[in-house]
Amino acid sequence: MKQSKDFKRTLITTALPYANGPVHIGHLAGVYVPADIYARYLRMQGRDVVMVGGSDEHGVPITLKAKNEGVTPQDVVDKFHGIIKEAFEDFGITFDVYSRTTTDIHKKTASDFFKTLYDKGEFVEKVTEQYYDEEAKQFLADRYITGTCPSCKSEGAYGDQCESCGTSLNATDLINPKSVISGSKPVIKETKHWYLPLDKHEPFLKKWILEDHKEWKSNVYGQCKSWIDLGLQPRAVSRDLDWGVPVPVDGAEGKVLYVWFDAPIGYISATKELTPDWEKYWKSDDSRMIHFIGKDNIVFHCIVFPSMLKAEGSYILPENVPANEFLNLEGDKISTSRNWAVWLHEYLVDFKDKQDVLRYVLAANAPETKDNDFTWKDFQTRNNSELVAILGNFVNRAVVLTHKYYDGKVPAAGTYTDYDKEALAEIPQIVERVEAALEGFKFREAIREMMNLARLGNKYLADSEPWKIQKTDAERVQTIMSICLQITANLSVLIEPFLPFTAKKMQGMINLSGLVWSDCGKLDLLKEGHEINEPELLFDKIEDETIQIQLDKLEQAKKANEAAAAIATPAKENVSFDDFSKMDIRVGTILEAEKVKKTKKLLKLTVDTGIDQRTVVSGIAEFFKPEDIIGQQVSILVNLAPRIIKGIESQGMILMAEGACGELTFVSPAKSVKPGSEIG
RNA sequence: GCCGAGGUAGCUCAGCUGGUUAGAGCGCAGGAUUCAUAAUCCUGAGGUCGGCGGUUCAAGCCCGCCUCUCGGUACCA
């Protein structure tokens with residue numbers, strides 16, 4: 001495998017945050033902090049690096065949000081692009097360019113990209129059937145259709161997914177589909193779309209990833225292998241929608257590029273926006289591209305986007321895709337809609353000027369190999385016993401002593417003892433280990449090693465005990481303090497990629513600036529007589545009360561969510577008595593039950609309906625063991641049209657009640673009654 | 001069900017192509033120390049490496065089966 005130094009320049013891309021909400025700690029930990037550490041590290045080495053990012057502003061969810069709030073999609077993305085961009089700036093994420101996908105340059109870039117592939121015959125055209133709203137005169141994307149979930153029967157399920165039970169759906173599966181736009185019942189209509197034939201690129205992807213990039217992280221490699229082994233399907237690159245980049249082909253009115261197609265092209269347009277020289281980052285073999293993303297994006301960045309680039313023909317492909325897993329918050333998944341998150345803009349209100357603390361905690365506990373948990377307790381501990389006690393404390397000790405003994409002037413080093421030499425020799429070793437970790441995208445390890453330099457400082461100071469011998473051997477103390485100050489100076493450089501705000505503060509304190517990475521390991525960064533400034537604390541302790549406030553805040557969010565979930569869904573439309581009478585619901589008794597093989601949710605039941613004994617397949621296996629429900633009385637819809645499920649004919653449907661957390665319960669008579677009793 | 005990733009000290013994680021008494025940080029206990037934000041330094045306790053079987057002179061690392069967590073995918077009338 002090629003080393004990063006074999007390349008002349010590096011293009012770092014960061015996942016484009018979707019502009020329908022602010023960014024939270026999960027985004028930061030998974031993508032932006034690691035990317036920024038890496039970019040800063042390369043820049044400090046004087047290497048040619050460009051880090052691009054931007055807001056992803058197209059797609060259906062944004063149009064939905066706009067509609068709900070009675071504003072235009074542009075209003076929505078303007079608002080969140082602003083919030084997101086500011087949050088990144090506040091946290092010191094050093095994008096060389098932070099753009100957005102609603103710029104003209106991007107529209108043109110994406111449009112041209114499509115046109116090139118179109119002209120080369122890289123797409124296949126397909127006509128499919130989709131829902132169409134005749135009143136609003138437009139096709140309905142999945143998110144624009146609601147109805148009753150065929151799975152859990154709850155109202156308000158979307159065409160792609162039921163929010164209530166989490167099942168992913170096809171829009172055509174919904175019972176009583178309704179257009180979100182006009183409320184009318186949509187009709188099925190034919191529509192033409194373009195597809196990227198991923199299957200065609202499969203042999204290439206197989207070799208490129210599975211053979212040539214075995215060094216990718218196991219989670220990334222494994223995920224790709226899984227997708228490729230499952231067989232790749234053509235993916236639609238266009239949608240019937242009016243918010244996005246128009247498909248640049250005759251007869252494509254009302255169609256735009258599907259958001260996943262236009263979003264990664266945003267990396268290209270952002271680079272174009274940055275420099276007229278953009279092609280050298282994208283089209284020369286001595287450039288390498290690194291995609292920083294979360295695990296939800298692996299398939300796009302490892303399979304889809306490379307296929308697009310390959311099909312286009314003139315672009316380089318990513319050299320590595322160091323995708324992270326997910327960060328949980330206090331044991332639960334971070335969720336924008338449930339407001340279970342720590343929002344970056346809110347964090348800075350509560351923890352003013354503590355960007356580095358969060359950067360540190362997130363990098364030290366980044367979900368590199370598996371999902372990780374962010375807890376406020378851990379945040380407090382890492383701040384108090386690592387940043388304050390180890391790093392801040394050492395620097396403070398060195399600076400305070402220098403002022404005490406030498407009035408702030410750096411003393412001259414005398415003769416080094418063996419122990420001095422030993423300690424000093426460790427500095428370049430630590431630097432080397434930090435470098436190796438960073439080159440391998442092991443940010444947790446890198447930050448641990450970085451802290452080891454501060455640990456070394458504390459140990460050296462404690463072992464040397466200058467305060468004990470200042471009166472008897474002042475000359476020796478000069479050497480000791482000189483070494484402590486050189487370690488401090490080294491620290492101020494080494495921590496910069498990770499803790500840029502603190503690095504700046506430190507360099508101000510020791511009156512140094514313009515340090516670069518190759519200064520790490522030097523023992524003469526501070527010359528004799530160099531004057532340093534007054535000590536100031538790099539970090540403050542965080543008290544229990546401060547942490548409790550954050551925990552309370554989350555607890556409130558949780559309560560608010562529970563309250564929202566407790567509200568019953570609105571009643572359905574009225575039906576006539578005749579409609580109701582059509583349904584034949586009986587009390588039945590389960591006689592036999594067994595799991596349907598090769599399924600997770602299905603039980604095959606034999607039910608005594610009083611009329612007959614029949615077979616019903618029911619999706620309740622996650623909640624009941626077969627042996628526990630023999631003899632259970634249930635409500636059964638007996639005149640539902642039979643249907644074959646997994647090779648078994650299901651003759652009817654067991655009615656279930658769904659609890660607040662999605663758990664299912666039988667609807668059965670309060671007293672045992674004879675099978676066949678009618679419910680009505 | 002199938003595919004992928006994980007399951008190593010109280011917590012968060014390392015463990016190279018299998019090789020002597022399984023490591024680190026935090027936490028905990030004891031001691032030292034006072035320059036420093038009661039911070040620091042030293043020492044120590046603590047693990048049947050998810051479980052069972054197998055291959056091997058030797059397995060946390062290889063193979064099989066099982067189990068739990070996370071993600072993808074199929075199924076849910």
Side-chain angles (χ1 to χ4, degrees), chain A residues 148-153 162 165 167-169 173 175 217-230 295-296 298-299 325-326 328 333 361 364-375 377-378 381-382 384-405 442 444-445 447-449 451-452 454-455 457-468 470 477 480-481 484 535 537-541 595-603 616-622 637 640-647 650-656 664:
Chain A
T148 306
C149 171
S151 169
C152 69
K153 305 293 175 286
C162 171
C165 65
T167 307
S168 56
L169 306 168
D173 292 340
I175 304 165
K217 289 174 61 173
S218 60
N219 58 337
V220 176
Y221 186 90
Q223 190 65 242
C224 290
K225 187 170 182 334
S226 175
W227 276 86
I228 292 171
D229 289 350
L230 278 170
K295 69 170 163 185
D296 52 333
I298 291 175
V299 62
E325 302 281 302
F326 284 154
N328 293 325
K333 261 177 220 173
V361 173
N365 191 28
E368 279 176 11
T369 52
K370 60 176 187 187
D371 289 3
N372 263 152
D373 200 20
F374 175 94
T375 65
K377 184 75 200 145
D378 180 60
T381 303
R382 286 198 186 271
N384 292 355
S385 55
E386 295 180 28
L387 292 176
V388 172
I390 297 170
L391 177 57
N393 187 223
F394 169 67
V395 173
N396 189 237
R397 298 167 84 184
V399 174
V400 165
L401 283 174
T402 302
H403 277 276
K404 199 168 199 165
Y405 298 155
K442 293 176 178 172
R444 278 192 316 224
E445 191 182 322
I447 209 161
R448 256 199 318 269
E449 283 299 336
M451 286 302 279
N452 278 341
R455 288 196 177 90
N458 277 317
K459 181 168 163 53
Y460 177 77
L461 204 45
D463 289 346
S464 305
E465 299 181 304
W467 46 89
K468 273 192 175 166
Q470 168 64 1
V477 171
I480 294 170
M481 287 316 299
C484 286
L537 297 178
L538 295 177
F539 303 99
D540 306 307
K541 282 197 81 170
K595 261 201 102 166
V596 179
K597 276 178 199 148
K598 301 196 173 191
T599 68
K600 188 157 54 180
K601 298 184 180 175
L602 301 185
L603 288 186
V616 177
V617 176
S618 188
I620 58 174
E622 288 184 304
L637 180 59
L640 185 67
R643 165 152 174 166
I644 308 271
I645 299 164
K646 283 279 165 188
S650 180
Q651 304 156 320
M653 178 170 128
I654 308 290
L655 305 187
M656 306 297 294
L664 299 178

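A note on names: the letters A, B, ... follow the listed sequences, proteins ahead of strands, and every chain is numbered from 1.
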Provide, to the nearest angstrom, the distance between the [atom1] atom belonging to [X] and the [atom2] atom belonging to [N].
X	N	atom1	atom2	value
I390(A)	G27(B)	CD1	C1'	13 Å
D373(A)	C70(B)	CG	P	13 Å
R448(A)	C26(B)	CZ	P	11 Å
M451(A)	U12(B)	CE	P	20 Å
M656(A)	C76(B)	CE	P	16 Å
K295(A)	G72(B)	NZ	P	8 Å
K225(A)	U73(B)	NZ	P	18 Å
L602(A)	G1(B)	CG	P	12 Å

- Message: If you compare all heavy atoms of W467(A) against all heavy atoms of L461(A), which two are closest, and at what distance to 0.1 Å?
- Response: CH2-O, 3.5 Å
- Below 4.0 angstrom from OP1 or OP2 of G25(B), is there any side-chain N or O of S385(A)? no
Among [options], which is the nearest nucleotide to the side chain of [X]?
X	options	answer
K459(A)	A14(B), C41(B), A77(B)	C41(B)
T381(A)	C26(B), U40(B), U12(B)	C26(B)
S618(A)	A77(B), G6(B), G27(B)	A77(B)
S226(A)	C41(B), C3(B), G6(B)	C3(B)
L640(A)	G72(B), A77(B), U12(B)	A77(B)
K370(A)	C70(B), G6(B), A77(B)	G6(B)

- Anything below 3.5 Å on both distances counts as a pair; with that, list the stems of at least three consecutive Watson-Crick or G-U pairs involving RNA chain B. B:1-7 with B:67-73, B:10-13 with B:23-26, B:28-32 with B:40-44, B:50-54 with B:62-66
- Query: Relative to the 5' end of RNA chain B, which residue comes earlier, Q223(A) or V616(A), by the nucleotide with the nearest heavy atom?
  - Reply: Q223(A)
- Task: Would you mind telling me which residue lines up with the more 5' stretch of RNA chain B, E368(A) or K333(A), judged by nearest nucleotide?
- Result: E368(A)
- Residues at least two apart in sequence or cross-chain that pass ring pair (Phe, Tyr, Trp, His ring centres under 6.0 Å) with Y405(A), listed by chain then number, are none
- Per-nt protein contacts along nucleotides 31-38 of chain B (heavy atom under 4.0 Å; B base, S backbone sugar-phosphate only, - none) come out as --SSBBB-
Measure all distances between protein nitrogen or oxygen atoms and nitrogen or oxygen atoms of nucleotides 63-69 of chain B, and list the pairs falling under 3.5 Å.
none

- Is the shortest distance from a Lys or Arg side-chain nitrogen in K295(A) or D371(A) to a carboxylate oxygen in the other one below 4.0 Å? yes
- Message: Applying side-chain contact (heavy atoms from CB on, under 4.5 Å), can you list everything that pairs with K468(A), at least two apart in sequence or on another chain?
- Response: E465(A)
- Message: Which residues pass the side-chain contact (heavy atoms from CB on, under 4.5 Å) test with N452(A), not counting sequence neighbours?
- Response: I430(A), E449(A), R455(A)
